[in-house]
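One structure is given below, encoded as structure tokens.
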Amino acid sequence: MEKQVKRIGVLTSGGDAPGMNAAVRAVVRTAISQGVECVGIRRGWNGLINSDFTHMSATSVSHIINKGGTILYTARSEEFREPSGRAKALSTCKLLGLDGIVAIGGDGTFRGALALSRQAAEQGMDLQVVGIPATIDNDIGCSHYTIGFDTACNTAIECIDKLRDTMQSHERCSVVEVMGRHAGYLALYVGIAVGATAVLIPERELNFEQDIVEKIRRARLSGTTHYMIVVAEGAGSAMDIGKRIHEEIGIDPRVTVLGHIQRGGTPSARDRETASRMGYRAVMSLIEGKGNRVVVTQDGRVTDMDLEEGLQMAKPFPMDRYQILESLSCRQPGLF
Ligand code: F6P
């Protein structure tokens, strides 16, 4: 049953991701096209707590589809974790007359959204929320894809290609740390795309001898004189890995931590297009009155599902891709 939705809020929360602006734009423009007003909440959930908001017009989101970061700013809010913080946020929702909120971010953002909606219901308020998955880590269980991942992969690949030039010239080993505190998607996809000698991910226990020493030895015996080791930050420190390579193999690796550079930059075609479709779906699901939802991609299709159910889902890590990487980095000294 369609609900009469008059005004909604939109916010970005948690770590930023390229394509968040494209999602904000899609939410605002879809709302306006459906006769719904839109309020931008600044600095994540803190914006609701501190009444930090701005009216969004169609032109307020002009010229942002191509921009990294988020025009609404983002934050992680400790206060919002507490019922007292959420009570303040609900006062702002009442003041603004919000019927729903679109929250763009990761798992933590969605849990906050659900807690807010539940607390609203306890007070007899009807406040529905919709999550849009955006994180460069691609680690949201219910969605195959999260906004920002493709751009972050491309940024890391561009940096590593540059490193490769100098590593090749000097016949060196490079250890590159990419983001992914709890997930190895970025490291694995990037590792395949740059032709890495080895990739270390948190989803797989490290066997230093087998995963690094042996691979470098084999590569060396088959004539390679430079080696690229890609490490997800959650799999260990690149600095420590570099030191250990030096101790055990006697070569002197150069260590690069790509860090937050991976979170910025112009969003790729995939991120802009996915964010636009997700933003549209988020507003339509609020208008359709489906209750608390999360927008997801399933095999390239953008759809929405129950938020609570989505939060309980786990995404199987693509270990088949790790096997592909193993095959492609395989060296058989003396054979071929
Ligand atoms: O956006 C996700 C992520 O990039 C993680 O991979 C990383 O550990 C974390 O954010 C770091 O974010 P911050 O420095 O903002 O706390």
Side-chain angles (χ1 to χ4, degrees), residues 5 7-42 44 54-74 100-106 109-110 113 128-140 142-155 185 262-288 290 293-305 307 310:
V5 175
R7 188 179 287 168
I8 62 169
V10 59
L11 59 86
T12 50
S13 171
D16 64 351
M20 275 185 163
N21 277 329
V24 170
R25 172 182 178 271
V27 168
V28 172
R29 294 267 170 96
T30 305
I32 291 169
S33 75
Q34 299 296 313
V36 175
E37 277 183 62
C38 192
V39 178
I41 318 289
R42 292 198 200 93
T54 179
H55 176 74
M56 304 299 280
S57 65
T59 50
S60 68
V61 290
S62 294
H63 317 300
I64 65 166
I65 196 166
N66 56 329
K67 297 224 169 13
T70 160
I71 59 160
L72 291 177
Y73 303 97
T74 184
I101 293 178
V102 179
I104 305 168
T109 304
F110 302 163
Q128 301 304 321
V129 293
V130 188
I132 295 183
T135 158
I136 67 161
D137 291 342
N138 198 28
D139 62 347
I140 293 181
C142 55
S143 188
H144 287 177
Y145 187 75
T146 64
I147 296 167
F149 178 65
D150 184 60
T151 307
C153 282
N154 285 317
T155 301
Y185 290 91
Q262 296 157 101
R263 288 234 297 248
T266 302
S268 67
R270 182 174 186 186
D271 282 325
R272 295 182 201 196
E273 200 264 349
T274 307
S276 300
R277 287 197 288 154
M278 284 185 162
Y280 173 84
R281 181 89 297 275
V283 174
M284 293 314 288
S285 83
L286 278 177
I287 290 172
E288 287 158 11
K290 286 177 168 174
R293 310 292 286 177
V294 57
V295 178
V296 298
T297 63
Q298 282 166 357
D299 301 318
R301 214 166 45 90
V302 171
T303 182
D304 57 89
M305 66 182 297
L307 177 56

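Reckoned from all heavy atoms, side chains included, excluding hydrogens, waters and symmetry mates.
Counting only heavy atoms from C-beta outward, the side chains of His144 and Val296 never approach each other to under 4.5 Å. By the 4.5 Å heavy-atom criterion applied to side chains, Arg272 and Thr266 are counted as neighbours. Contact of the Val283 side chain with the Ile8 side chain is registered, since non-hydrogen atoms from C-beta on lie closer than 4.5 Å. In this structure, Gln128 and Lys290 have side chains that are not in contact, with every pair of non-hydrogen atoms separated by 4.5 Å or more. Between Met56 and Leu72 the shortest side-chain heavy-atom distance falls below 4.5 Å.
Side chain of Arg29 to backbone of Ala58: a donor-acceptor contact under 3.5 angstrom is found. Not one N or O on the side chain of Asp304 forms a donor-acceptor pair closer than 3.5 Å with the backbone of Ser285. A donor-acceptor pair is defined here as one N or O able to donate and one able to accept, closer than 3.5 Å; no such pair exists between the side chain of Arg281 and the backbone of Val295. Judged by distance alone, with hydrogens and angles left aside, the side-chain atoms of Thr151 form a donor-acceptor pair with the main-chain N or O of Ser268 at under 3.5 Å.
For the 3.5 Å distance criterion, the side chains of Arg42 and Thr70 fail to qualify, holding no donor opposite an acceptor.
Here Phe110 contributes atom CZ and Arg293 contributes atom CZ; the two are 13.5 Å apart, rounded to the nearest 0.5 Å. With values rounded to the nearest 0.5 angstrom, Arg270 atom CZ is found 11.0 Å from Ile147 atom CD1. Atom OG of Ser143 sits about 7.5 Å away from atom CG of Asn138, to the nearest 0.5 Å. Separation of atoms OG1 (Thr146) and CG (Asp137) is listed at 7.5 Å; rounding is to 0.5 Å.
Between Asp271 and Gly148, the shortest heavy-atom contact is OD1-N, 2.9 Å. Of all heavy-atom pairs spanning Leu11 and Ser13, the tightest one is CD1-CB, 3.9 Å. Considering every non-hydrogen atom in both Cys142 and Gln298, the closest pair reads O-NE2, 4.4 Å. Residues Ile65 and Ser276 come closest through the heavy atom pair CD1-OG, 4.1 Å. Nearest heavy-atom pair, Ile140 versus Pro133, reported as atom, atom and distance to 0.1 Å: CD1-CB, 3.6 Å. Closest approach of Thr74 and Gly14 over heavy atoms only: OG1-O, 2.6 Å.
Few gaps surround OH on Tyr145; more than 12 heavy atoms of other groups in view lie less than 6.0 Å from it.
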#### Entry: Candidate pair Arg263 and Thr155, rule side-chain contact (heavy atoms from CB on, under 4.5 Å), full reasoning
CA-CA 9 Å; Arg263 288 234 297 248; Thr155 301; over 6 Å; no
### Message
Show, in sequence, the C-alpha distance, side-chain angles and deciding distance for Val130 and Met278, and conclude whether the side-chain contact (heavy atoms from CB on, under 4.5 Å) test is met.
### Response
CA-CA 10 Å; Val130 188; Met278 284 185 162; over 6 Å; no
### Task
Let me see the working for Gln34 and Leu286 under side-chain contact (heavy atoms from CB on, under 4.5 Å), right down to the final yes or no.
CA-CA 11 Å; Gln34 299 296 313; Leu286 278 177; over 6 Å; no
### Test side-chain contact (heavy atoms from CB on, under 4.5 Å) applied to Thr297 and Thr274, step by step
CA-CA 9 Å; Thr297 63; Thr274 307; 4.1 Å; yes
In a table with atom names and distances, give each donor-acceptor pair under 3.5 Å that connects a side chain of residues 17-27 to protein atoms at least two apart or in another chain.
from	atom 1	to	atom 2	distance (Å)
Asn21	OD1	Ile71	N	2.8
Asn21	ND2	Lys67	O	3.2
Asn21	ND2	Gly68	O	3.2
Asn21	ND2	Gly69	O	3.4

